[in-house]
Each structure stands twice: as structure tokens, then as C-alpha cells.
Amino acid sequence: MGLEIKEVSKKFITKNKETYTLDNINLSIKKGEFICLLGPSGCGKSTLLNIIAGLLKPSSGTVSLSGQVVKEVGPDKAMMFQESALFPWLNVIDNVEFGMKMAGIPKEERRIKAIKYLKMVHLSKFEKSYVHELSGGMKQRVSLARALTLDSELLLMDEPFSALDSQTKSILQLELQKIWWETKKTIVFVTHNVEEAVLLGDRVIVMSANPGRIKREFKIQLARPREAQSVDLAYVAREVMNELKEEVEKVAKSEYDNDWSIEKSNILYDSNNNMGSGL
Ligand SMILES: Nc1ncnc2c1ncn2[C@@H]1O[C@H](COP(=O)(O)OP(=O)(O)OP(=O)(O)O)[C@@H](O)[C@H]1O
Ligand SMILES: [Mg+2]
């Protein structure tokens with residue numbers, strides 16, 4: 001049994017006005033599946049992830065993990081955030097152990113696991129370093145190690161690589177694919193980057209905004225391990241991009257002005273006119 005999201009809606013009340021951020025989200029995720037959530041800024045991706053994690057309550061609907069309704073946060077749902085959420089006063093290994101400490105795992109077991117996962121993310125040599133001594137990519141690897149130590153069935157990742165340079169990002173994408181393959185976790189991964197979604201996901205869920213809904217689902221049937229540069233991947237990414245483009249344009253027009261367009265703004269393309277540099 002995996003993760004079941006049933007008729008989940010979420011409304012926020014600001015300045016006496018109710019807005020539906022999520023509207024009737026239904027998603028059934030199999031154990032061990034890798035799901036990527038893609039959508040324009042503000043469509044409710046983080047809100048949905050926070051509801052799955054038990055950090056937020058839905059206004060209606062339910063989320064169940066392995067048949068149990070999610071009511072609160074817990075070590076069965078590890079979360080990795082966009083910005084590294086590490087403690088500057090703790091060294092690397094103590095940061096990695098922190099989640100396990102909260103979960104009440106005994107000291108010796110914590111150390112053994114922390115060493116194992118630091119090795120998995122290639123940071124064994126840095127266990128005594130402090131956060132300010134690490135690069136952005138290293139910090140995200142520490143966060144990943146910390147999330148993995150909980151041995152949770154579910155790993156939730158909210159744009160974990162979006163602040164990284166493209167080389168570091170590629171390395172971490174490769175490592176994550178390998179770790180997912182080895183650990184058989186269920187992963188829900190939020191991203192703005194179409195190529196990243198197609199590279200990693202078994203399915204890519206494209207969301208629309210205002211209110212946040214599931215617009216379309218793509219089953220990615222490319223063989224693994226996948227190559228970011230492959231022609232087949234670029235072909236699928238273009239198809240996904242066409243779906244997403246409409247939504248991004250809709251949101252941008254409501255936030256900027258009516259004659260705004262993706263082509264004029266260049267946000268989906270890099271200087272070489274390659275797609276997927278992130279929205
Ligand atoms: N605690 C809150 N109170 C009021 N409104 C909120 C709250 N949290 C989120 N929102 C609103 O819900 C909407 C969705 O926010 P959310 O952070 O889930 O979007 P997102 O898809 O993750 O965006 P991004 O891609 O920029 O991270 C936004 O309009 C936001 O202002
Ligand atoms: Mg977000």
C-alpha cells in the first residue's frame with residue numbers, strides 16, 4: 001500500500017478573504033514510485049507536500065500512508081526542503097543525527113546510521129565540519145543524508161536542488177536516482193524544472209494554479225538509468241513543457257500584465273535557447 005490523496009482541498013483565509021489554494025486533489029501513489037510535481041509558482045505544490053508530511057491540515061479530504069490517515073508529522077515521512085534546514089551550531093554528523101534523536105533512536109544506532117548515510121552521499125570526510133564550511137551542494141547532501149536516516153517509506157522533497165549550479169545539480173540527480181533504486185522509497189519530488197521532472201519521475205504531475213488542481217499526468221516510460229542529455233528525454237520534456245507553458249503564462253499574466261508572454265520573457269529558455277533552465 002502506498003500513498004493515497006483523496007479529495008484534498010485547502011483554503012487559506014487572509015484579510016477576511018477565503019482562497020482555495022488546492023481544489024480536490026486526487027492522487028494514488030504506489031509504494032516505491034517516484035512522482036514529480038510540476039506547476040507554476042503559487043499553484044500549491046509546497047502546500048500539498050506539507051499536507052502529505054502532516055505539517056498542514058487539509059480543509060477537506062484525506063491523505064493516507066500505508067492505509068493510515070496522516071494526522072501529524074512523524075519519522076515515517078521524511079522531508080527535505082528547498083533551502084538547507086541545517087543547524088549552524090552542529091557539525092555535519094550531529095546534523096545528520098538530529099532527526100533520529102528527535103525520533104528517540106539510541107545514540108549508538110544513530111552514529112552507525114549517520115556514518116552509513118554520510119558515506120552514501122559521499123561526505124564521510126566532512127563529518128566534523130560545520131555548515132558554514134560547506135558548499136551549497138554539500139549542504140543539500142547533508143540534508144539528504146539526514147532525511148534518509150529515518151528509513152521512512154516516504155521521502156518528500158521540495159525543490160531540493162533548485163538553488164544549485166547545474167553541474168552540482170546533475171551530480172545530485174544521479175545520486176538520488178541511485179539511492180532511490182537502492183532504497184526503494186516512495187518519493188514525491190517538487191520541482192520547477194521540466195527536464196529534472198522527466199529525468200527523475202515515473203510520473204510527472206502537472207498542476208494548474210488558482211486554484212491548484214491536477215491538470216495532467218504524464219507517465220514517463222523512458223528506460224533507467226536516464227541520461228539528462230538524451231534525445232528521447234528532450235522529446236518528452238517538450239511535450240510536458242507545452243502543457244505547463246499555458247499555466248505559467250496564465251499566472252504571469254495575472255501577476256504582471258496582459259501582454260506578457262513566455263517567449264518574450266525567456267524564463268523557460270537559457271541563453272542558448274535550451275529549455276528547462278527553470279521557471
Ligand atoms: N500559511 C498561508 N497563509 C495564507 N496563504 C498561504 C499560506 N501558505 C501558502 N499560501 C498561499 O497558497 C498559495 C500556494 O502556495 P505554495 O507555497 O504552496 O505554492 P508553490 O506552488 O509551492 O509555489 P512556489 O513554486 O513558488 O514554491 C500561494 O498563493 C500562497 O500565497
Ligand atoms: Mg513551493
Side-chain angles (χ1 to χ4, degrees), residues 3 5 7-27 29 35-61 63 70 72-73 77-85 136 140 143-144 147 154-164 169 176 187-198 200-201 203-218 237 240-241 243-256 260 262 265-268 275-279:
L3 181 69
I5 302 167
E7 295 172 9
V8 164
S9 295
K10 179 73 185 170
K11 60 183 174 195
F12 287 114
I13 302 166
T14 35
K15 294 180 191 146
N16 295 326
K17 207 178 134 230
E18 272 187 1
T19 356
Y20 270 91
T21 290
L22 293 175
D23 181 33
N24 197 25
I25 304 288
N26 287 289
L27 197 56
I29 300 173
I35 296 290
C36 290
L37 285 181
L38 198 62
S41 185
C43 74
K45 302 179 294 296
S46 297
T47 304
L48 182 58
L49 215 61
N50 288 333
I51 290 174
I52 300 172
L55 283 162
L56 266 181
K57 292 210 181 317
S59 305
S60 58
V63 173
V70 171
E72 54 189 8
V73 289
K77 304 175 286 291
M79 177 91 156
M80 192 179 157
F81 298 94
Q82 176 171 2
E83 299 295 330
S84 102
Q140 285 308 72
S143 300
L144 179 58
L154 182 64
L155 178 58
L156 303 167
M157 307 180 84
D158 196 354
E159 299 193 47
F161 307 146
S162 64
L164 305 175
K169 192 186 292 194
L176 179 63
I187 300 185
V188 184
F189 186 104
V190 168
T191 177
H192 272 136
N193 189 304
V194 177
E195 282 179 339
E196 182 171 64
V198 175
L200 297 173
R203 277 188 286 159
V204 174
I205 312 291
V206 178
M207 291 178 68
S208 62
N210 305 319
R213 291 188 179 135
I214 291 178
K215 187 172 186 230
R216 195 168 154 193
E217 178 183 309
F218 291 84
V240 177
M241 174 67 79
E243 199 68 39
L244 180 66
K245 203 171 136 180
E246 226 177 83
E247 286 311 309
V248 174
E249 223 152 26
K250 202 173 80 188
V251 170
K253 275 183 176 151
S254 71
E255 284 178 7
Y256 306 137
W260 187 93
I262 278 182
S265 83
N266 266 339
I267 60 165
L268 291 181
M275 167 186 75
S277 49
L279 305 182

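First listed ligand is number 1; within each ligand, the first listed atom is number 1. Not measured: the values here are computed from a predicted model.
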*Would you mind reporting whether L55 and M79 have side-chain heavy atoms less than 4.5 Å apart?*
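Sidechains of L55 and M79: in contact.
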_A side-chain contact here means heavy atoms from C-beta on lying under 4.5 Å apart; do K10 and I25 qualify?_
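With C-beta onward as the side chain, the pair stays apart.
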_Please report whether ligand 1 has a polar contact with G42, defined as an N or O pair separated by less than 3.5 Å (distance criterion only)._
yes
*asked:* I'd like to check whether T14 has a polar contact with ligand 1, where a contact means an N/O of the residue lying under 3.5 Å from an N/O of the ligand.
replied: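 N/O-N/O distance under 3.5 Å: no.
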*Can you tell me if M207 has a non-hydrogen atom under 4.0 Å from ligand 1?*
no
*So is C43 in contact with ligand 1, going by heavy-atom distances below 4.0 Å?*
yes
Would you give the length of the straight line joining atom [atom1] of [X] to atom [atom2] of [Y], rounded to the nearest 0.5 angstrom?
X: I29; Y: I35; atom1: CD1; atom2: CD1; answer: 4.5 Å
X: L38; Y: R216; atom1: CG; atom2: CZ; answer: 12.5 Å
X: I187; Y: M80; atom1: CD1; atom2: CE; answer: 10.5 Å

*If you count the atoms of ligand 1 from 1 in the order shown, which ones are under 4.0 Å from a heavy atom of E159?*
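Contacts of ligand 1 toward E159, numbered from 1: 25 (O), 27 (O).
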_For S60 and E7: C-alpha separation, side-chain torsions, deciding distance, then whether side chain to side chain contact (heavy atoms under 4.5 Å, CB included) applies._
CA-CA 7 Å; S60 58; E7 295 172 9; over 6 Å; no
*atom 15 (O) of ligand 1 - nearest protein heavy atom and its distance*: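 Going atom by atom, the protein heavy atom closest to atom 15 (O) of ligand 1 ends up being T47 OG1, 3.7 Å.
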*To which protein heavy atom is atom 1 (N) of ligand 1 closest, and what is the distance rounded to 0.1 Å?*
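Closest protein heavy atom to atom 1 (N) of ligand 1: F12 CE2, 3.6 Å.
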*Answer yes if a protein heavy atom lies under 4.0 Å from atom 31 (O) of ligand 1, otherwise answer no.*
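Under 4.0 Å from atom 31 (O) of ligand 1, zero protein heavy atoms found.
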*Does some non-hydrogen atom of the protein lie less than 4.0 angstrom from atom 6 (C) of ligand 1?*
yes
_Taking N, O or S atoms only and a limit of 2.8 Å, check whether S46 reaches the Mg ion (ligand 2)._
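Short answer: yes, at least one N, O or S atom is under the cut-off.
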*Answer yes when K215 and E246 have at least one side-chain N-carboxylate O distance shorter than 4.0 Å, and no when they do not.*
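Yes, K215 and E246 are salt-bridged.
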